[in-house]
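Working notes for the structure below.
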Amino acid sequence: MKPIPLAPDHFPELRSALLAHYDREARDLPWRRDRDPYRVLVSEIMLQQTRVDTVVGYYDRWLERFPTVSSLADADEGEVMKAWEGLGYYRRARNLHGAAKAVRERPQGFPRSSDELRALPGVGEYTAGAVASIVFGEVTPAVDGNVRRVLARLYDEPDPKPAWLRERAAELVDRGRPGDWNQAVMELGATVCTPQGPRCETCPLSVWCAAREAGTAEKRPAARKAKVVPHGRFVLAVVEMGGQVLLQRRPAGGLLGGLWAFPEQRVPDEAGRRDGSGEEAVGGTAIGIAIGIAEGLGLRVEGEHVRLPAVSHRFSHLHATYLPVVLRVGPGAEGVASGGGWQADGIGEELEEVRPLRWIGPDDSEVALPVAQRKVLQAWHEARSSKEVACESRR
DNA sequence: GACCCGTGGAC
DNA sequence: TGTCCAAGGGT
């Protein structure tokens with residue numbers, strides 16, 4: 001069947017076909033149960049660069065803990081980060097928290113237009129369009145990765161530019177059901193017009209699809225060349241005292257910002273070693289570096305220092321190898337994680353914790369830890385447990 | 001436009 | 001095992 005060249009004359013028929021498909025096949029997702037602006041905003045922020053299956057659990061727990069925009073605005077930042085733990089791109093959590101505070105400060109309440117939504121932290125062009133169309137019925141496009149792929153195939157365009165995508169998406173939006181339309185295109189991209197193995201046989205748009213006719217669907221849009229991901233190595237100071245370890249809160253803004261982690265120091269990477277075995281090249285110096293980290297925190301280490309197995313972790317833009325070293329400190333070290341305070345940063349109204357250090361146990365469930373740090377904590381706990389067992393057996 | 005920013009699942 | 005990449009935003 002030869003496709004019909006897609007002209008504006010065909011838009012009404014195309015819209016009806018996709019909306020009918022959506023009405024029939026749409027997945028039952030938690031954030032589709034109602035059109036509460038706060039809930040839809042939460043879902044859209046969580047869904048940024050994150051799969052639906054991953055988000056569902058976080059979404060339900062989040063709304064249980066922060067059911068309204070004001071409850072989120074009033075929440076402690078540590079609790080917000082804890083609720084986001086494991087979801088990644090942690091700046092989203094702080095931005096969502098900031099957005100809730102911004103909404104609370106608005107006399108008009110929740111922003112009702114895409115332009116106003118765009119002013120909230122963490123809300124860009126896509127998210128503003130999605131919320132405005134879904135919740136408030138604004139006739140505006142929402143171009144995400146799915147929409148980009150669907151349009152690239154529909155027009156057989158190898159390298160669709162943002163401006164071109166915005167124009168195509170805007171002219172196609174269904175005037176009566178803009179929110180359903182935007183979700184329908186995304187849903188099609190996620191379930192039918194997939195990156196690999198698109199199911200053109202079942203696609204309601206196939207009769208208009210130029211890529212299907214040309215046999216180029218799977219090549220549209222053209223793949224971007226993969227970048228080489230650099231490797232980094234970090235010595236971690238696992239400072240142990242009385243069954244607890246010392247964590248430091250990472251500065252907001254950077255990698256894993258706002259989460260708690262073992263104090264670290266980056267060490268030069270061994271050229272050509274990407275297999276994670278390069279830690280041996282550091283040899284005993286890792287312990288010396290770890291001691292330096294601890295001393296920099298005002299701690300005096302004593303007794304035996306033991307290295308834990310290296311932990312490899314892939315971030316989106318960095319392949320990290322962590323070299324954890326367990327250090328012992330004597331009584332009196334509690335003070336490094338107390339006596340801290342809060343201090344204005346002199347710019348905004350936010351308070352910055354002066355000494356973000358704290359002791360935690362192996363089963364701590366209060367602080368938000370990155371996945372790799374959780375692995376190190378677990379390795380420390382297991383090493384410690386096995387040693388205790390060994391001591392027991394000698395008695 | 002390029003780069004930074006997490007994680008887990010599919011192949 | 002390596003590779004891709006998923007309902008992007010900020011700088």
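Chain letters run A, B, ... following the sequence lines, proteins first, then strands; residues in each count from 1. It should be emphasised that the depicted structure is a prediction, and the values quoted were computed from it without experimental measurement.
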Using a 4.0 Å cut-off on heavy atoms, which residues in residues 145-153 of chain A reach DNA chain C? List them by number, or say none.
A/Gly145, A/Asn146, A/Arg149

Please list residues of residues 122-132 of chain A whose heavy atoms come under 4.0 Å from any atom in DNA chain C, ordered by number; otherwise none.
A/Gly122, A/Val123, A/Gly124, A/Glu125, A/Tyr126, A/Thr127

Partner set under ring pair (Phe, Tyr, Trp, His ring centres under 6.0 Å) for A/Phe66, not counting sequence neighbours:
A/Trp62

Any residue meeting ring pair (Phe, Tyr, Trp, His ring centres under 6.0 Å) with A/Tyr126, in chain and number order, not counting sequence neighbours
none

Quick check on DNA chain C: between A/Arg118 and A/Trp31, whose nearest nucleotide comes earlier from the 5' end?
A/Trp31

Could you label the plane-to-plane angle of the A/Phe315 and A/His317 rings as parallel, tilted or perpendicular, counting under 30° as parallel and over 60° as perpendicular?
tilted

Which part of the nucleic acid, if any, lies within reach of [X] when heavy atoms closer than 4.0 Å are counted: base, sugar-phosphate only, or nothing?
X        : answer
A/Arg27  : base
A/Ala142 : nothing
A/Trp84  : nothing
A/Leu29  : base
A/Arg32  : base

Show me the donor-acceptor pairs, under 3.5 Å and distance only, between side chains in residues 287-298 of chain A and residues at least two apart or in other chains.
none

Do you know the tightest heavy-atom contact between A/Leu327 and A/Ala237?
CD1-CB, 4.2 Å

Nt span of DNA chain C in reach of chain A heavy atoms at under 4.0 Å, 5' end first, is C/dG2 to C/dG10

Between C/dA7 and B/dC4, how far apart are the two P atoms, rounded to whole Å?
23 Å

Could you work out the separation of B/dG6 and C/dC5 based on their C1' atoms and round it to a whole Å?
13 Å

Please name all residues satisfying side-chain hydrogen bond (donor to acceptor under 3.5 Å, both in side chains) with A/Lys375, sequence neighbours left out, ordered by chain then number.
none

Would you please name every residue forming a side-chain hydrogen bond (donor to acceptor under 3.5 Å, both in side chains) with A/Thr50, sequence neighbours left out?
A/Arg92

Applying side-chain hydrogen bond (donor to acceptor under 3.5 Å, both in side chains) as the test, list every pair that has at least one member in residues 359-369 of chain A; sequence neighbours left out.
A/Arg358-A/Glu366

Decide whether A/Leu63 and A/Leu29 are clustered together by the hydrophobic rule: side chain heavy atoms of Ile, Leu, Val, Met, Phe, Trp, Tyr closer than 4.5 Å, transitively.
yes

Taking A/Arg168 first and then A/Glu157, would you say they form a salt bridge - that is, a charged N and a carboxylate O separated by under 4.0 Å?
no

Let me have a per-nucleotide readout for nucleotides 1-11 of chain B, 5' to 3', with B, S or -, counting only protein heavy atoms under 4.0 Å.
--S-BBBB---

Strictly by ring-ring contact (aromatic ring centres under 6.0 Å, His included), give each pair with a member in residues 22-52 of chain A just once, sequence neighbours left out.
A/Trp31-A/Tyr59

Flag for A/Glu44-A/Gln48: side-chain donor and acceptor within less than 3.5 Å:
no

Any pair counted as salt bridge (charged side-chain N to carboxylate O under 4.0 Å, His left out), so long as it reaches residues 21-30 of chain A, sequence neighbours left out:
A/Asp23-A/Arg177, A/Arg27-A/Glu187

